[in-house]
Each structure stands twice: as C-alpha cells, then as structure tokens.
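Structure, as structure tokens:
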Amino acid sequence: INGDHMLIRESGSALDCLIFNSTPKNLNKIDLLYSQTLEMLSKSKKFYCSQEIIFMIQSSLCSNIKTILLKLKNNPSKGKEIISKYVEQTLSIFYDLLSNRNTFIYEEGLYAISALICATNTDDSYIELFTPNTFERLMNEFVFQALKSGNEGVINAACLLIGNLFRFLS
C-alpha cells in the first residue's frame with residue numbers, strides 16, 4: 001500500500017504544480033479540469049479499492065481543487081466566472097467528504113474550503129458562499145471537530161480556515 005500512497009500523493013503534487021504554473025490562456029482547460037475533478041470527487045466513494053486508498057485519492061483531489069481555486073482567484077474576470085459555476089457544487093461535495101472524518105480528507109478538505117473562501121472574496125468582487133445553515137454546519141460540525149481532533153495538520157487547516165473566515169467575511 002505504501003507504493004500506492006506515494007504514487008497518489010506524487011501524482012497529485014505534480015498536477016498541483018502544472019495547475020499553479022499554467023498560463024492565463026489555459027483557463028478553459030482549468031475550467032474543464034475543475035469540472036472533472038469535482039465529478040471524480042463525487043464518484044470516488046464508489047471506486048473499487050480499499051477505503052484507505054479512496055481517502056488518499058479524495059485528499060489528493062481536494063488539494064487539486066484548492067490549487068485550481070487559488071489559480072482562478074488570480075484571474076479576476078474569467079476566474080470569477082468559472083468559480084461561480086461550481087461554487088455550490090464544490091461546497092456540497094466538500095461537506096459530504098468532511099463527514100467521513102478521515103484525517104487525510106479533513107486536512108485537505110479544510111484547506112480547500114479555505115481556498116474557496118479566498119477565491120470567492122476579492123477586493124472588487126464577492127460570490128455568496130454560505131447560507132446561515134451551511135455556515136453553522138461548517139463551524140459547529142467541521143471546524144469544531146477539527147480543533148478537537150488532536151491532529152496537528154487538521155488543526156492547522158482549521159486555524160487557517162478560521163483566519164480566512166475572519167479576514168474575508170467580517
């Protein structure tokens with residue numbers, strides 16, 4: 001299983017690098033990648049492999065979404081348009097994944113939600129992300145549990161998320 005973990009982690013990191021270093025003319029491809037990554041995340045529960053491998057794949061895909069969101073934030077016009085298309089679906093999928101309470105998913109999922117908050121709130125634009133119910137669920141179910149987890153990476157991700165909530169939503 002260690003070889004599988006390494007392959008998944010390294011493949012995800014390589015894709016993150018490609019996304020991060022892509023040029024603005026590749027935004028249409030980033031849009032397609034965003035859509036396909038969300039689709040893979042929503043179908044990933046049904047992959048035919050061990051639960052541990054599924055969690056690693058989901059964690060890697062969350063990292064890819066995080067990188068996509070941060071890349072799109074840097075292109076205010078086209079990036080905002082792309083983010084707007086997927087914002088509700090993204091939040092819904094992340095909430096579903098975070099319900100698993102697996103530390104791999106929890107850490108990357110919280111980082112990805114933090115990136116979603118950053119990407120939907122810029123100096124010159126704002127995309128509504130939370131309803132009162134989704135915000136309450138985020139805080140009471142996910143952030144609170146993350147802070148109680150005892151896992152350093154998960155706690156760090158929760159602290160970054162809290163900081164971004166304060167920075168962008170206050």
Side-chain angles (χ1 to χ4, degrees), residues 1-24 26-75 79 82-83 85-120 129 134 137-138 141-143 145-147 149-165:
I1 290 184
N2 273 344
D4 293 340
H5 284 229
M6 190 174 82
L7 178 61
I8 293 165
R9 189 174 39 253
E10 294 301 317
S11 297
S13 293
L15 184 55
D16 283 341
C17 287
L18 287 171
I19 295 164
F20 183 77
N21 292 314
S22 65
T23 62
N26 290 325
L27 283 178
N28 288 337
K29 293 176 184 163
I30 298 289
D31 183 353
L32 179 62
L33 182 61
Y34 192 176
S35 171
Q36 290 177 338
T37 305
L38 287 173
E39 185 178 332
M40 285 192 342
L41 271 170
S42 64
K43 292 179 177 179
S44 62
K45 288 182 182 179
K46 298 174 185 169
F47 289 169
Y48 186 71
C49 51
S50 74
Q51 196 67 26
E52 187 177 356
I53 296 295
I54 290 172
F55 289 151
M56 287 293 299
I57 292 168
Q58 290 171 333
S59 172
S60 181
L61 293 171
C62 285
S63 178
N64 296 149
I65 293 290
K66 171 188 68 180
T67 306
I68 288 168
L69 288 165
L70 295 175
K71 183 68 175 184
L72 292 173
K73 177 186 169 111
N74 292 331
N75 189 310
I82 295 169
I83 293 167
K85 280 197 296 190
Y86 304 114
V87 71
E88 288 179 32
Q89 181 185 10
T90 303
L91 195 59
S92 174
I93 288 171
F94 286 148
Y95 277 22
D96 187 44
L97 290 174
L98 288 174
S99 297
N100 292 318
R101 305 245 192 277
N102 175 276
T103 53
F104 291 126
I105 297 171
Y106 226 78
E107 183 176 347
E108 286 301 331
L110 291 175
Y111 279 133
I113 290 174
S114 187
L116 185 61
I117 293 166
C118 288
T120 56
L129 181 57
T134 59
R137 184 173 181 206
L138 175 68
E141 188 176 333
F142 303 128
V143 173
Q145 290 302 318
L147 294 173
S149 73
N151 180 291
E152 182 181 348
V154 173
I155 293 170
N156 287 339
C159 290
L160 178 66
L161 177 65
I162 292 167
N164 280 334
L165 284 169

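The basis for the numbers below is simple: all heavy atoms, side chains too, and nothing from hydrogens, waters or symmetry mates. Values in this document were obtained by computation on a predicted structure and should not be read as measured data.
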Side chain proximity check, Phe20 to Lys71, heavy atoms < 4.5 angstrom: no
How would you list, by chain and number, every residue that makes a side chain to side chain donor-acceptor pair (under 3.5 Å) with Asn100, sequence neighbours excluded? none
Quick one: are Thr103 and Phe55 in side-chain contact, heavy atoms under 4.5 Å? no
For Ala146, does its backbone N or O pair with a side-chain atom of Ser149 as donor and acceptor, under 3.5 Å? yes
In short, Leu98 meets Gly109 closest at the heavy-atom pair CD2-CA, 4.2 Å
Side chains of residues 31-38: which donor-acceptor partners sit under 3.5 Å, not counting sequence neighbours?
from: Asp31; atom 1: OD1; to: Lys85; atom 2: NZ; distance (Å): 3.3
from: Asp31; atom 1: OD1; to: Tyr86; atom 2: OH; distance (Å): 2.6
from: Asp31; atom 1: OD2; to: Lys85; atom 2: NZ; distance (Å): 2.5
from: Tyr34; atom 1: OH; to: Thr90; atom 2: OG1; distance (Å): 2.7
from: Thr37; atom 1: OG1; to: Leu33; atom 2: O; distance (Å): 2.6

Apply side chain to side chain donor-acceptor pair (under 3.5 Å) to Gln58 and list each qualifying residue two or more places apart in sequence or on a separate chain. Ser44
Taking the side chain as everything from C-beta on, heavy atoms only, tell me whether Ser63 gets closer than 4.5 Å to Arg9. no
Ile93 vs Ile65 side-chain heavy atoms within contact, under 4.5 Å: no
Taking all heavy atoms of Leu61 and all of Met40, pick out the closest pair and write down the distance. CD2-CE, 3.4 Å
Taking only residues two or more places apart in sequence, or in another chain, which ones meet Phe94 in a ring pair (Phe, Tyr, Trp, His ring centres under 6.0 Å)? none
Looking at residues at least two apart in the chain, or sitting in another chain, which of them share a side chain to side chain donor-acceptor pair (under 3.5 Å) with Gln145? none
Test side chain to side chain contact (heavy atoms under 4.5 Å, CB included) applied to Ile82 and Ile30, step by step: CA-CA 9 Å; Ile82 295 169; Ile30 298 289; 5.6 Å; no
What do the steps show when you test Ser22 against Leu27 for side chain to side chain contact (heavy atoms under 4.5 Å, CB included), and what is the final call? CA-CA 8 Å; Ser22 65; Leu27 283 178; over 6 Å; no
Donor-acceptor contacts, no H, no angles, side chain residues 112-120, under 3.5 Å, sequence neighbours left out:
from: Ser114; atom 1: OG; to: Asn164; atom 2: ND2; distance (Å): 2.4
from: Thr120; atom 1: OG1; to: Leu116; atom 2: O; distance (Å): 2.9
from: Thr120; atom 1: OG1; to: Ile117; atom 2: O; distance (Å): 3.2

Lys43 meets the side chain to side chain donor-acceptor pair (under 3.5 Å) criterion, sequence neighbours left out, with Glu39
With sequence neighbours excluded, tell me which residues meet side chain to side chain contact (heavy atoms under 4.5 Å, CB included) with Glu88. none
Does Lys45 have any salt bridge (Lys or Arg N to Asp or Glu O under 4.0 Å) partners at least two apart in sequence or in another chain, and if so, which? Asp96
What residues, two or more places apart in sequence or in another chain, satisfy side chain to side chain contact (heavy atoms under 4.5 Å, CB included) together with Leu7? Ser11
Not counting sequence neighbours, which residues clear ring pair (Phe, Tyr, Trp, His ring centres under 6.0 Å) with Phe142? List them please. Tyr95
State which residues pass salt bridge (Lys or Arg N to Asp or Glu O under 4.0 Å) with Glu108; sequence neighbours excluded, sorted by chain then number. Lys66
